[in-house]
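In the text below, chain A, chain B and the rest are named by the order of the sequence lines, each starting its count at 1. Predicted, not measured: the structure shown is a model, and the values here were computed from it.
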2 protein chains.
Amino acid sequence: MTQKTAQAAADLPLDTVLVGDCIELMNGLPEGSVDLIFADPPYNLQLKGELHRPDNSRVDGVDNDWDRFASFETYDAFTRAWLTAARRVLKPDGAIWVIGSYHNIFRVGSALQDSGFWILNDVVWRKTNPMPNFRGKRLTNAHETLIWAGKSDGAKYTFNYEALKQLNDGVQMRSDWLLPICNGGERLKTESGEKAHPTQKPEALLHRVLVATSKPGDVILDPFFGTGTTGAVARRLGRRWIGLERDEAYATLARKRIAGVPRADAESLKTTASRRAEPRVPFGQLVERGLLAPGEVLVSLNGRRTAKVRADGSLVSAETRGSIHQVAAALEGLPSCNGWTYWSFKRDGQAIPIDVLRQQIRAEMSA
Amino acid sequence: MTQKTAQAAADLPLDTVLVGDCIELMNGLPEGSVDLIFADPPYNLQLKGELHRPDNSRVDGVDNDWDRFASFETYDAFTRAWLTAARRVLKPDGAIWVIGSYHNIFRVGSALQDSGFWILNDVVWRKTNPMPNFRGKRLTNAHETLIWAGKSDGAKYTFNYEALKQLNDGVQMRSDWLLPICNGGERLKTESGEKAHPTQKPEALLHRVLVATSKPGDVILDPFFGTGTTGAVARRLGRRWIGLERDEAYATLARKRIAGVPRADAESLKTTASRRAEPRVPFGQLVERGLLAPGEVLVSLNGRRTAKVRADGSLVSAETRGSIHQVAAALEGLPSCNGWTYWSFKRDGQAIPIDVLRQQIRAEMSA
DNA sequence: TCGCATATTGAATCGCCCG
DNA sequence: ACGGGCGATTCAATATGCG
């Protein structure tokens, strides 16, 4: 450690939450003093009216003041300002993570590149339990995006390749991470039982980020600390942390929360097992992947019934239409029927069960 | 179809590949004439050497910061130029898809928003078989990102919700799609056995995009056509297509490839329809047709509320009167309520949902 | 205390037609 | 162009309550 960095480290407000504007607070920290930054900035969601679930209950959306910006220009100016301040406090071999959704992540990614950061990966947090699209007007918004970037092109950075391989059952960790959203006992509540913060992130996400790209003893800075998930995980993993938060109430909650987190022995570092994608294969994938063509005819195993495949993976017979299971059941007059074992298709005059194709896809998925 | 759009359609070079600069070619197409655009623009930022400013002067590689800035600036200018041309040829209710990786997708997303497009979803293509990270210095780059955007905020767009739900085994399609990369027999090869195009996309990806956000007969434009995956899938799915490609060799390959693709029959192209598309049946018709008598009493599904049918198809309860929806909403204290699923009537002591009668009338109408 | 049914909730850019 | 009315729409994980 050089004298300069030693002095910088001594000046750091380690393991504390500072309340105030994160840009001013960062500018008050020594230059080049922080190993890793994790930032969960406002997403600028731009929600308009109210939204109700099909059961008429109201969705509690994010309508906080801190998420309202007048325009993209305003949001961009804010983003560039805090990224500039963040880059200054970062060590030359430091790195940054930023999380966002499609509302803001493209602005953030561009600003990162323009500020001189060098993107190392973009990572997709796939939610096991996202909120559905209640009106059926779009795809279920089932993921958020994280960007991992080094301080500059060619700079060194920390990446614990083997540790992440361990976390992923011995194979290279991919850029798509499947993790549940933060709920249950982990979700902080107010005394009246409401959620304490509208966008609390799961500790498992931070766990993976910190295990992947920091070392024990590293200083982790979070400029949008909220209720302190970054601090809680940093403490458990034996890292030092600094939290910046504008809202005194959130800061107070975070301090209390983190104080209750046990520092870990090396053992609990290995707890988060990766959840592998389940091998469910929708019949429609056989059509999408060209294993069956739209218009192709399926034949029942007993040879007595036929149905035609449609582009969306539904079947049509003379009398009925629906899924492979529904059409099979209707044709046989049964309450239910497993279409996978009922239908076959013809290749070179031979009848082949469609389940053969499903097994083919499953083999690809697990390969 | 208005005269203007009819003329525009007549002027379109349907089902052909045009060779040349995609911006010039798009500017030669009629305004507001295309239903959907799928774009797979070049990712290559050419960051190492060969940097050119927007005026095509070569950047002198002395200052790293200037290099980086100049290259992003060049890429941004190119992106904004082709997006502007693309937006002009799009119908007001049209939409665009763009695919990219972390090298370029943040530039593209920001440019889309700045050009007036309205992002509807970002979609993650998760690769079952990505290329591993050989050096173990980063995460396996296992996904690419697609952005789906409407022409402007508030504009309509096509989304075949039920078809995608069908493709996903009966649950809402999510924003993360697991599909293999294009290889094997689908991957076009040169005569010497090398891959014909470096970034050929899998047909399954285009299948899902087109089934989700276009209708049979729609015009699909691909300004970076390459070897024509968009055209091949469009033809199979009964869509019209226009391909723009700078490289004559790719265009030739694409033409040959697409000519060999069989068209699916019209019946197989129909996808599972949404209930919204079914003909509207005014409640009064049930009374007119004698399925319900004036004075007959309806009961809510929870059994707690009743209302009486009047001759004009309105309801009266003790407290309020109006349509089946209005009375249900008022009685439940809700902002709105679907009366069709709220009310039932009695026959032989049994409660029968009034929606049964609506389905009866619809069946008669389609017979 | 267990098992089952019901209720609640999560970073959400979530209608459309007709007069 | 705008306002009113019709009527379509949800998945996974907890929490609660009941027998």
Colleague: Please give the distance between the C1' atoms of D:dT10 and C:dT8 as a whole number of Å.
Modeller: 13 Å
Colleague: Which residues satisfy the ring pair (Phe, Tyr, Trp, His ring centres under 6.0 Å) test with A:Phe69, sequence neighbours excluded?
Modeller: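 If we apply the ring pair (Phe, Tyr, Trp, His ring centres under 6.0 Å) test to A:Phe69, skipping adjacent residues, the hits are A:Tyr75, A:Phe78.
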Colleague: Within the structure shown, what part of the strands sits under 4.0 Å from A:Asn104 by heavy-atom distance: base, sugar-phosphate, or nothing?
Modeller: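 If one applies the 4.0 Å heavy-atom cut-off, A:Asn104 turns out to touch nothing in the nucleic acid.
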Colleague: When you get a sec, tell me which of D:dA13, C:dA12, C:dG15 is the closest nucleotide to the side chain of A:Lys137?
Modeller: C:dG15
Colleague: Which dot-bracket notation, 5' to 3', represents the base pairing of DNA chain D when pairs are defined as Watson-Crick or G-U with both distances under 3.5 Å, crossing pairs as [ ], and inter-strand pairs as |?
Modeller: .|||||....|||||||||
Colleague: With a 4.0 Å heavy-atom cut-off, tell me which residues in residues 351-365 of chain B come close to DNA chain D, sorted by residue number.
Modeller: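 Nucleic-acid contacts, sorted: B:Arg358.
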Colleague: Checking A:Phe134 now: which residues fulfil ring pair (Phe, Tyr, Trp, His ring centres under 6.0 Å) with it, not counting sequence neighbours?
Modeller: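 None.
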Colleague: Check each residue of residues 317-327 of chain B for a non-hydrogen atom within less than 4.0 Å of any atom in DNA chain D, then write out the ones that pass by number, or none.
Modeller: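 Under 4.0 Å from DNA chain D: B:Ser323, B:His325, B:Gln326.
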Colleague: Identify the pairs formed between an N or O of the protein and an N or O of nucleotides 15-18 of chain D at a distance under 3.5 Å, and give each distance.
Modeller:
none

Colleague: Could you list the residues that satisfy side-chain hydrogen bond (donor to acceptor under 3.5 Å, both in side chains) with A:His197, not counting sequence neighbours?
Modeller: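 Result, side-chain hydrogen bond (donor to acceptor under 3.5 Å, both in side chains) vs A:His197: A:Thr199.
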Colleague: If you restrict it to nitrogen or oxygen atoms, what contacts under 3.5 Å exist between nucleotides 17-19 of chain C and the protein, and what is each distance?
Modeller:
none

Colleague: May I ask you to say whether B:Asp176 pairs ionically with A:Lys127, meaning some side-chain N is under 4.0 Å from a carboxylate O?
Modeller: no
Colleague: Before we go on, tell me: are the rings of A:Trp148 and A:Trp97 under 6.0 Å apart, centre to centre?
Modeller: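 Here the rings of A:Trp97 and A:Trp148 have centres that are less than 6.0 Å from each other.
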Colleague: Which of the following nucleotides, C:dT9, C:dC14, C:dT13, is nearest to the side chain of A:Ser57?
Modeller: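 For the A:Ser57 side chain, the nearest candidate turns out to be C:dT9.
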Colleague: Looking at residues at least two apart in the chain, or sitting in another chain, which of them share a salt bridge (Lys or Arg N to Asp or Glu O under 4.0 Å) with A:Arg138?
Modeller: none
Colleague: Could you go through nucleotides 2-8 of chain C and list every protein N or O atom that sits under 3.5 Å from one of its N or O atoms, giving the distance for each pair?
Modeller:
none

Colleague: Using residues 36-47 of chain A as the side-chain source, report each donor-acceptor pair under 3.5 Å to any protein atom, sequence neighbours left out, with the distance given to one decimal.
Modeller:
residue: A:Asp40; atom: OD2; partner: A:Lys201; partner atom: NZ; Å: 3.1
residue: A:Tyr43; atom: OH; partner: A:Glu144; partner atom: OE1; Å: 2.6

Colleague: Listed by chain and number, what are the salt bridge (Lys or Arg N to Asp or Glu O under 4.0 Å) partners of A:Lys48, not counting sequence neighbours?
Modeller: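 If we apply the salt bridge (Lys or Arg N to Asp or Glu O under 4.0 Å) test to A:Lys48, skipping adjacent residues, the hits are B:Asp153.
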